[in-house]
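Below: one structure, written as structure tokens.
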Amino acid sequence: MVEKIAIDPITRIEGHLAVHIEVDEGRVAGAFCKGEMFRGFETILKGRDPLDAQQITQRICGVCPVSHGMASVLAQEQAYGITPPQNGRLMRNLILGANYIQSHIIHFYHLAAVDFVDLAAIAQYTGKDADLLQFKNWVLAQKASSAVYPGAPFFPRYEGHYLNGTEANTIAIKNYLEGLRMRALAHQMAALFAGKLPHVASLVPGGVTEQVTAQKIAAYGAMLHDLRGFIDQCYLPDVLAVAAAFPDYFKLGKGCGSFLAYGGFLESDDGKDKFLPGGVVNAGKLSALDPGLITEDVRYSFYNSPSGLGPTAGRTEPDPRKQGAYTWLKAPRYQGQVMEVGPLARLLVLYLQGSNAEARRWVDHVVRQLNLKPEDLVSTMGRHAARAIECKLVADRCEHWLAQLKPGAPTCTEFAIPKQAQGQGLCEAPRGALGHWLEIADHKIGHYQCVVPTTWNCSPRDDQGRPGAVEQALIGTPIANAQHPLEAVRVVRSFDPCIACAVH
Ligand code: NFE
Ligand code: MG
């Protein structure tokens with residue numbers, strides 16, 4: 001008998017996502033990702049000054065605003081025919097790098113690890129660590145004062161097998177607390193060049209308005225030192241400990257098997273060389289990216305705009321009562337194909353491209369240490385491992401970008417807004433490939449479209465009826481207890497969905 005389960009909302013992700021699954025003989029046979037709100041940023045932007053775009057689009061999200069600002073200024077720079085000077089390019093890498101670090105840390109410790117680590121086990125803690133004792137006392141006080149203990153942020157949660165009672169569980173709880181401090185530190189570090197966080201004030205077409213000083217370089221370096229220590233000594237070991245304890249999750253949630261990255265973190269002022277390269281991976285083979293092959297279908301989305309168009313022609317016309325539609329996300333496709341985006345996609349492109357010895361070393365290390373086959377990384381647990389490896393690679397590279405900054409040298413380039421122009425801004429947000437497409441008409445924004453990482457990953461069925469990447473990853477997942485579909489939420493959260501972004 002087919003049992004229908006609605007997980008609505010999925011908690012501990014960004015924004016509102018409902019996942020409806022159909023379970024047959026203990027396995028997911030059908031899956032539907034439902035983004036349950038409409039935001040309308042693409043419409044809000046029309047008719048405005050193009051310089052509003054990098055500020056307004058940052059409000060799409062509080063977790064990845066830097067990337068939206070970045071995609072917007074890149075689209076404008078193409079339209080204006082300018083590129084930033086070296087200091088501007090490097091400061092952008094340092095701001096985005098800090099944003100990756102905070103995003104990846106919060107995703108692992110505060111959103112996803114809670115599926116594997118038992119935070120409530122702190123009530124039985126008998127050790128002497130001051131942080132953990134304070135946390136234990138807080139939890140016990142909650143328990144004494146509340147009729148609904150245990151409450152948020154640890155519950156509601158599904159019952160099942162957790163790490164509880166192990167040393168790894170206690171260490172992960174300690175680092176859950178430390179991770180909150182580290183996340184704040186990454187924001188402070190970014191703000192040295194960003195002006196403020198989460199919504200960056202200094203990002204403009206042509207560069208960054210903050211100046212480079214020796215004091216800022218020293219302050220960034222000191223904070224980066226602490227963050228790199230946390231990544232090396234806590235984040236990577238904790239991910240490996242969770243991975244070793246839940247090896248089944250290297251077999252589950254494999255998904256569509258095709259990957260796309262635009263590439264990000266410019267290594268040259270002409271923008272040709274990127275620290276994280278772009279590319280497309282199909283059946284384990286890497287090929288070059290052609291952004292002209294990106295389209296968005298809307299057959300199952302609440303829009304009545306034409307289906308199957310690229311973002312320069314695509315429109316956003318909401319139709320909340322559309323028959324047959326089940327989500328506010330469109331369905332982006334590349335050459336008609338379903339694509340996964342995100343840290344795993346980027347790491348696969350980087351690995352297959354072969355130029356980054358450190359990336360290869362880390363992938364090989366994880367595969368060896370956990371006794372895996374390389375293809376096992378395409379999985380629920382592989383996404384967590386890829387995110388942690390990427391966090392290390394980016395944090396280490398920040399040191400290099402910091403050392404190249406030149407105090408007092410220019411950070412911005414002059415420009416004029418043309419009467420008519422077009423621009424495409426492609427970058428890599430923490431959650432994957434992010435693109436903004438801009439058309440300027442009469443010096444104003446005539447047309448604006450965003451195709452966003454979670455729109456790719458949590459997309460619905462396309463016009464051909466092919467399920468999206470997360471929907472495909474869910475299919476085949478065993479569900480031991482229909483009342484507690486823990487396996488399904490573990491698969492979904494490995495993609496680090498952000499529905500606020502996805503529906504934009
Ligand atoms: Ni709201 Fe975002 C990232 C973007 S994901 S978090 O990373 O763009 O869709
Ligand atoms: Mg869009």
Side-chain angles (χ1 to χ4, degrees), residues 5-21 28 31-36 61 63-64 103-119 152-163 172 176 179 183 235 238-239 242-243 245-246 248-256 329 340-345 377-388 390-391 429-432 453-459 468-480 484-502:
I5 305 173
I7 309 169
D8 182 7
I10 287 209
T11 53
R12 285 190 282 106
I13 62 164
E14 300 297 326
H16 236 72
L17 172 71
V19 168
H20 289 208
I21 52 176
V28 177
F32 299 83
C33 282
K34 305 184 177 194
E36 299 188 301
C61 186
V63 182
C64 69
S103 183
H104 287 0
I105 288 174
I106 199 179
H107 175 257
F108 180 68
Y109 284 104
H110 309 113
L111 303 180
V114 186
D115 287 339
F116 301 98
V117 173
D118 186 9
L119 285 177
F154 318 131
F155 291 83
R157 70 154 198 196
Y158 294 126
E159 294 307 324
H161 168 55
Y162 287 80
L163 268 179
Y176 174 101
R183 195 203 167 212
Y235 183 18
D238 286 347
V239 169
V242 167
F246 294 88
D248 292 0
Y249 282 88
F250 283 107
K251 302 285 175 211
L252 298 180
K254 293 194 151 303
C256 62
L329 278 73
E340 173 174 343
V341 301
L344 177 60
L377 286 177
V378 178
S379 62
T380 300
M381 200 55 81
R383 288 184 195 95
H384 293 301
R387 199 173 284 110
E390 177 178 85
C391 195
R431 284 156 197 76
T454 300
T455 322
W456 285 99
N457 285 338
C458 289
S459 74
V470 171
E471 292 179 339
Q472 289 192 29
L474 282 164
I475 289 167
T477 303
I479 304 291
H484 291 275
L486 180 58
E487 301 90 341
V489 293
R490 282 173 173 166
V491 169
V492 174
R493 290 196 190 109
S494 71
F495 286 85
D496 191 2
C498 174
I499 299 305
C501 271

Indicate yes or no: at least one non-hydrogen side-chain atom of Tyr109 is less than 4.5 angstrom from one of Val114. no
Drop me the distance from Ile10's CD1 to Cys458's SG, to the nearest 0.5 angstrom. 8.5 Å
For Tyr162, is the NZ or CZ atom of Arg157 found under 6.0 angstrom from the centre of its six-membered ring and inside 45 degrees of the ring axis? yes
Could you tell me whether the side chain of His20 and the main chain of Asp8 form a donor-acceptor pair under 3.5 Å? no
In terms of heavy-atom contacts, Gly253 and Thr380 come closest through CA-OG1, 3.5 Å
Non-hydrogen atoms of Tyr158 and His484 that approach each other most closely: CA-ND1, 3.5 Å
Non-hydrogen side-chain atoms of Val489 and Arg12 separated by less than 4.5 Å: no
Just how far is it from atom CZ of Arg493 to atom CZ of Phe108, taken to the nearest 0.5 Å? 13.5 Å
Could you check whether any side-chain N or O of Arg387 sits under 3.5 Å from a backbone N or O of Ser494, counting only pairs where one atom can act as donor and the other as acceptor? yes
If you measure from the Lys or Arg side-chain nitrogens to the Asp or Glu carboxylate oxygens, is any gap between Asp496 and Arg431 under 4.0 Å? yes
When rounded to the nearest 0.5 angstrom, what is the spacing between NE2 in His104 and CZ in Arg183? 13.5 Å
Using the six-membered ring wherever Trp is involved, compare the ring planes of His110 and Tyr176 and label them parallel, tilted or perpendicular (cut-offs 30° and 60°). perpendicular
Would you say Arg490's side chain and Leu252's backbone share a donor-acceptor pair under 3.5 angstrom? no
At their closest point, which heavy atom of Thr455 faces which heavy atom of Cys501, and how far apart are they? OG1-O, 4.5 Å
Which heavy atom of Ile7 sits nearest a heavy atom of Ala488, and at what distance? CD1-CB, 4.1 Å
Kindly indicate, with the supporting measurements, whether the criterion side-chain contact (heavy atoms from CB on, under 4.5 Å) is fulfilled by Cys33 and Leu329. CA-CA 9 Å; Cys33 282; Leu329 278 73; over 6 Å; no
Measure the OG-CD distance between Ser459 and Gln472 for me, rounded to the nearest 0.5 Å. 8.5 Å
Which heavy atom of Gly179 sits nearest to which heavy atom of Ile105, and what is that distance? O-CG2, 3.9 Å
When you compare the side chain of Val242 with that of Tyr249, does any pair of heavy atoms fall below 4.5 Å? no
Evaluate the side-chain proximity of Asn457 to Val341: yes if any heavy-atom separation is below 4.5 Å, no if none is. yes
Student check: side-chain heavy atoms of Cys498 and Cys64 closer than 4.5 Å: no
Over 60° means perpendicular and under 30° means parallel, so classify the ring planes of Phe116 and Phe246, tilted if in between. perpendicular
Report the C-alpha distance between Leu486 and His161 in whole Å, list the side-chain angles of each, state the deciding distance to 0.1 Å, and finish with yes or no for side-chain contact (heavy atoms from CB on, under 4.5 Å). CA-CA 9 Å; Leu486 180 58; His161 168 55; over 6 Å; no
Before you tell me yes or no, could you show the steps for His107 and Val63 under side-chain contact (heavy atoms from CB on, under 4.5 Å), namely the whole-Å CA-CA distance, both residues' side-chain angles and the distance that decides it to 0.1 Å? CA-CA 10 Å; His107 175 257; Val63 182; over 6 Å; no
So Ile21 and Thr477, do their side chains get closer than 4.5 Å, heavy atoms only? no
Glu36 backbone acceptor or donor facing His16 side chain under 3.5 Å: no
What heavy-atom pair brings Tyr235 and Cys391 nearest, and what distance separates the two atoms? CE2-CB, 3.6 Å
Answer whether the closest heavy-atom distance between the side chains of Leu17 and Val492 falls below 4.5 Å. yes
Tell me whether Glu487 contacts the main-chain N or O of Ala480 through its side chain, where contact means a donor paired with an acceptor under 3.5 Å. yes
